[in-house]
2 protein chains.
Amino acid sequence: MALALAQAREAADSGEVPIGAVVVKDGRIVSVGRNGPRERHDPTSHAEIEAIRSAARALGNERLDGCELWVTLEPCAMCAGAIVHARIARLYYAASDAKGGAVEHGARVFEHDQCLHKPEVYAGIGEKESAELLRRFFRERR
Amino acid sequence: MALALAQAREAADSGEVPIGAVVVKDGRIVSVGRNGPRERHDPTSHAEIEAIRSAARALGNERLDGCELWVTLEPCAMCAGAIVHARIARLYYAASDAKGGAVEHGARVFEHDQCLHKPEVYAGIGEKESAELLRRFFRERR
């Protein structure tokens, strides 16, 4: 999660909402990603999507079986859907997101019968650091 | 929708599930996309995501204000989330998808209070052609 938080800080330095993600397989880092929709002109450029796309490219497979995704904020519906499609085995996220999260809030993407793959979910690791990064970012922009 | 269906046929010719999408603005085609996760080693490579990313690149803006998305199948949670982030004004889809759809089924992404942008939704245009393309694709693969 320290590496995901470092990615989030990098996003903030580029003027993007500070969210970072890392894909890990068998204890080794496969890819990192950070939020960047504005600079990349890409509404899908969330940290999770970037990390998942990069990992799938690196592993030469659209399925990331056995991989873990570490991300600094509760994934939105788009990213939760991507986690399902990628068959991520374990999801670790830092802060929860009542406004945009879709794991424990809103669409609760993993909670429907039609959901073909449910990752194990662990929340709260690094929560304080992640929430503080986001608070500082939005405070400075006000 | 005819163009989206042509994109779907192209996906089938490449061995991918036949789903196609088109982004339109002010009556003009901005981008097309088709399903391609296997060949592209990208679990996010759904027709809608490809069309949205391509349109945002073409317009130099991560927000596709005033754009329409035409797609041959009811979007999944990932794609519905991307439609929200992209601020797609109107969504037209052909066939509904009880198994994977997240507009009128499952996660119903646009139906939550936290959903910051709800497109107008029109379903059923080209439904028969789209459903037949999908049926034929899966029949031939069995």
Side-chain angles (χ1 to χ4, degrees), chain A residues 16 23 33 35-46 48-65 67 69 74-88 97-103 105-117, chain B residues 16 23 33 35-46 48-65 67 69 74-88 97-103 105-117:
Chain A
E16 302 277 359
V23 172
N35 201 39
R38 279 169 201 81
E39 63 184 310
R40 294 181 188 132
H41 302 312
D42 180 356
T44 74
S45 180
H46 285 194
E48 302 94 314
I49 299 284
E50 295 292 339
I52 285 173
R53 297 183 75 220
S54 175
R57 218 163 32 231
L59 299 175
N61 194 327
E62 90 274 14
R63 300 238 170 133
L64 301 178
D65 295 305
C67 287
L69 179 72
E74 180 185 350
C76 72
M78 175 179 74
C79 293
I83 286 165
V84 173
H85 296 312
R87 306 291 193 269
I88 292 287
D97 181 7
K99 274 191 192 165
V103 176
H105 297 97
R108 290 179 172 79
V109 169
F110 307 138
E111 302 303 315
H112 301 277
D113 287 342
Q114 63 165 206
C115 181
L116 291 171
H117 170 85
Chain B
E16 303 276 0
V23 172
N35 201 38
R38 279 169 202 80
E39 64 184 308
R40 294 181 187 131
H41 302 311
D42 181 355
T44 74
S45 180
H46 284 196
E48 302 93 314
I49 299 283
E50 294 292 340
I52 285 172
R53 297 183 76 220
S54 175
R57 217 163 32 231
L59 298 175
N61 193 328
E62 90 275 14
R63 301 240 170 130
L64 301 177
D65 296 305
C67 287
L69 179 71
E74 180 184 348
C76 71
M78 175 179 74
C79 293
I83 286 165
V84 173
H85 295 312
R87 306 292 194 267
I88 291 287
D97 181 8
K99 275 191 192 165
V103 176
H105 298 97
R108 289 179 172 77
V109 169
F110 306 140
E111 303 303 315
H112 301 276
D113 286 343
Q114 63 165 206
C115 180
L116 291 172
H117 170 86

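In what follows, chains carry the letters A, B, and so on, assigned in the order in which the sequence lines appear, proteins first and then strands, with residues in each chain numbered from 1.
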What part of [X] gets closer than 4.5 Å to chain A, counting heavy atoms only: side chain, backbone, both or neither?
X: B:His112; result: side chain
X: B:Ala86; result: both
X: B:Arg38; result: both
X: B:Asp42; result: both

> Just by distance, do the side chain of A:Gln114 and the backbone of B:Gly101 share a donor-acceptor pair under 3.5 Å?
Replying inline: yes
>> Using the salt bridge (Lys or Arg N to Asp or Glu O under 4.0 Å) criterion, which residues pair with A:Arg63? Sequence neighbours excluded.
In response: none
Go through [options] and name the one with the most non-hydrogen pairs under 4.5 angstrom from chain A.
options: B:Ala77, B:Gly81, B:Ala107; value: B:Ala107
options: B:Met78, B:His105, B:His46; value: B:Met78
options: B:Gly100, B:Ala80, B:Ala102, B:Cys79; value: B:Gly100

>> Is any side-chain heavy atom of A:Arg40 closer than 4.5 Å to one of B:Glu62?
In response: no
>> Heavy-atom cut-off 4.5 Å, strictly under: side chain, backbone, both or neither for A:Ala82 against chain B?
In response: both
>> I need the contact set between residues 53-60 of chain B and chain A: heavy-atom distance under 4.5 Å, sorted by residue number.
In response: B:Arg53, B:Ala56, B:Arg57, B:Gly60
